[in-house]
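The block underneath contains the structure these notes are about, expressed in structure tokens.
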Amino acid sequence: MPEGHTIHRLARDLNGDLAGDVLRVSSPQGRVPTETVDGARFERAEAVGKHLFLHFPDACLHVHLGLFGRFRRRKLNGAPPRDTIRLRLEGPRYAWELSGATASDWVDEHDISALLERIGPDPLSPRAKPKLAWEMIHRSKRPLAALLLDQRVMAGVGNVYRAEILHLLGLHPELPGNELSQATFQKLWRLTKKLLARGVEEKTIRTVDKPSDRTKREALHVYGRSSCRNCKGRVVRVTLGQRDIHYCPRCQPREGE
DNA sequence: CACCATGTTTAAAT
DNA sequence: GATTTAAACATGGT
């Protein structure tokens with residue numbers, strides 16, 4: 001479910017609903033110890049790449065949604081949580097419920113810095129240093145498609161954004177990182193930032209300026225499509241690394257650059 | 001009901 | 001040392 005925009009939007013919505021409030025915190029599944037924060041004031045949520053941090057005065061919960069994780073708002077209606085709910089944050093007006101996450105652990109300062117050191121710059125962070133991403137890409141022979149998905153290079157891009165970014169720049173997915181020019185990298189960084197930011201506002205991924213309708217297919221150029229939005233040619237789907245990537249051989253020729 | 005998918009981590013193999 | 005592969009984990013939508 002989640003690419004970086006989802007997590008940043010989650011942080012914004014959680015803050016809008018719950019920041020500064022005293023929460024009832026529970027773990028219906030019993031998988032997250034909540035005694036120390038139940039009844040405590042929730043300070044704020046913070047997103048970095050695809051990671052989410054929930055800050056309480058004396059504790060911080062690290063959440064990563066992984067492939068199936070969800071974190072949803074529910075109206076308070078007295079209904080008991082479903083048995084798949086791992087964590088429940090109950091504020092004055094809404095309850096937020098977490099399910100299916102890959103990670104939901106209490107972390108200390110040390111854990112947090114170790115984690116942040118592990119991931120690359122997040123284009124949505126004003127303090128991000130794109131230079132770090134450029135250096136990794138520039139030094140690597142790995143295909144661009146693999147580098148974009150590697151959270152150590154850049155944090156927040158997932159399978160949909162990667163396919164769309166490469167298509168918009170006319171880059172072949174297998175172009176080795178060290179063959180990308182610095183000028184094109186700068187375009188790539190700016191584009192990524194723009195698309196992720198738009199995703200946060202619209203709560204969905206849209207890379208097409210004026211889609212003809214509201215369907216997901218129409219909002220994208222190649223991902224999940226059988227024909228390229230630009231040239232109408234057949235979209236190629238190949239497994240690169242562990243994940244499928246969609247691209248248009250005509251709009252994204254091998255020579256690239 | 002069967003199938004599919006917007007992810008990460010670790011260790012082992014190349 | 002760099003990179004790739006395999007395995008494990010976790011749900012909901014169609």
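As the structure is a prediction and not an experimental result, all values here were calculated from the model. Lettering follows sequence order; numbering is per chain, from 1.
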statement: Using Watson-Crick geometry (N1-N3 plus N6-O4 or O6-N4) or G-U wobble (N1-O2, O6-N3), each under 3.5 Å, B/dA12 is paired with C/dT4
query: Looking at the side chain of A/Ser140, which of C/dG13, C/dT11, C/dT3 is the nearest nucleotide?
result: C/dT3
field: Sugar-phosphate only, base, or nothing, as touched by A/Arg237 at under 4.0 Å among non-hydrogen atoms
entry: sugar-phosphate
Atom-to-atom span, NE2 of A/His246 to P of B/dC4 - whole angstrom: 13 Å
- request: Please tell me which of the listed nucleotides, C/dT3, C/dG12, B/dT9, lies nearest to the side chain of A/His51?
  value: B/dT9
- prompt: How many Å lie between CD on A/Glu3 and C1' on B/dT8, as a whole number?
  reply: 14 Å
- line: Closest to the side chain of A/Phe68, out of B/dA5, B/dT8, C/dG13, is B/dA5
query: Under 4.0 Å between a side-chain N/O of A/Lys50 and OP1 or OP2 of B/dT8, yes or no?
result: yes
task: For A/Arg139 and C/dT3, give me the distance from atom CZ to atom P, rounded to whole Å.
output: 9 Å
field: Interatomic distance, A/Met154 CE vs B/dT8 P [rounded to whole Å]
entry: 14 Å
statement: Taken to the nearest whole Å, CZ/A/Phe71 to C1'/C/dT11 is 16 Å
- request: May I ask you to say what A/Arg86 touches in the nucleic acid, namely base, sugar-phosphate or nothing, with a heavy-atom cut-off under 4.0 Å?
  value: sugar-phosphate
message: I want to verify a distance call: between C/dA10, C/dT4, B/dT9, whose nearest atom is closest to the A/Arg31 side chain?
response: C/dA10
task: Can you figure out which of C/dT4, C/dG12, B/dT8 approaches the side chain of A/Arg82 most closely?
output: C/dG12
message: Using whole Å, what does the distance between atom C1' of nucleotide B/dT8 and atom CG of A/Leu52 come to?
response: 16 Å
task: Go through C/dG12, C/dT3, B/dT8 for me and flag the one nearest to the A/His64 side chain.
output: B/dT8
task: To the nearest Å, give me how far apart CD (A/Glu174) and C1' (C/dT4) are.
output: 14 Å
- request: Would you check if the side chain of A/Gln151 reaches a backbone N or O of A/Gly156 as a donor-acceptor pair within less than 3.5 Å?
  value: yes
query: Can you tell me how far CG of A/Leu147 sits from CG of A/Leu180, rounded to the nearest 0.5 angstrom?
result: 9.5 Å
- request: Whole angstrom is fine here: how far is it from CZ in A/Arg70 over to P in C/dT11?
  value: 11 Å
message: Quick check on C/dT4: is either OP1 or OP2 less than 4.0 Å from any side-chain nitrogen or oxygen of A/Arg142?
response: yes
- request: Return the nearest nucleotide to the side chain of A/Thr84; candidates are C/dT3, B/dT8, C/dG12.
  value: C/dG12
message: Please tell me whether A/Ser26 and A/Arg88 have a donor and an acceptor in their side chains that are separated by less than 3.5 angstrom.
response: no
- prompt: Between A/His172 and A/Gln252, do the side chains contain an N or O donor and an N or O acceptor separated by less than 3.5 Å?
  reply: no
task: Check the side chains of A/His64 and A/Thr102 for a donor-acceptor pair under 3.5 angstrom, ignoring hydrogens and angles.
output: no
message: Counting the atoms with a prime plus P, OP1 and OP2 as sugar-phosphate, which does A/Thr102 contact under 4.0 Å by heavy atoms, base, sugar-phosphate, or nothing?
response: base
message: Working note: A/Arg86 + A/Ser99, criterion side-chain hydrogen bond (donor to acceptor under 3.5 Å, both in side chains); need CA distance, chi angles, decisive distance, verdict.
response: CA-CA 5 Å; A/Arg86 187 176 312 178; A/Ser99 66; over 6 Å; no
field: Touch class at under 4.0 angstrom, heavy-atom based, for A/Arg152 against every strand present
entry: nothing
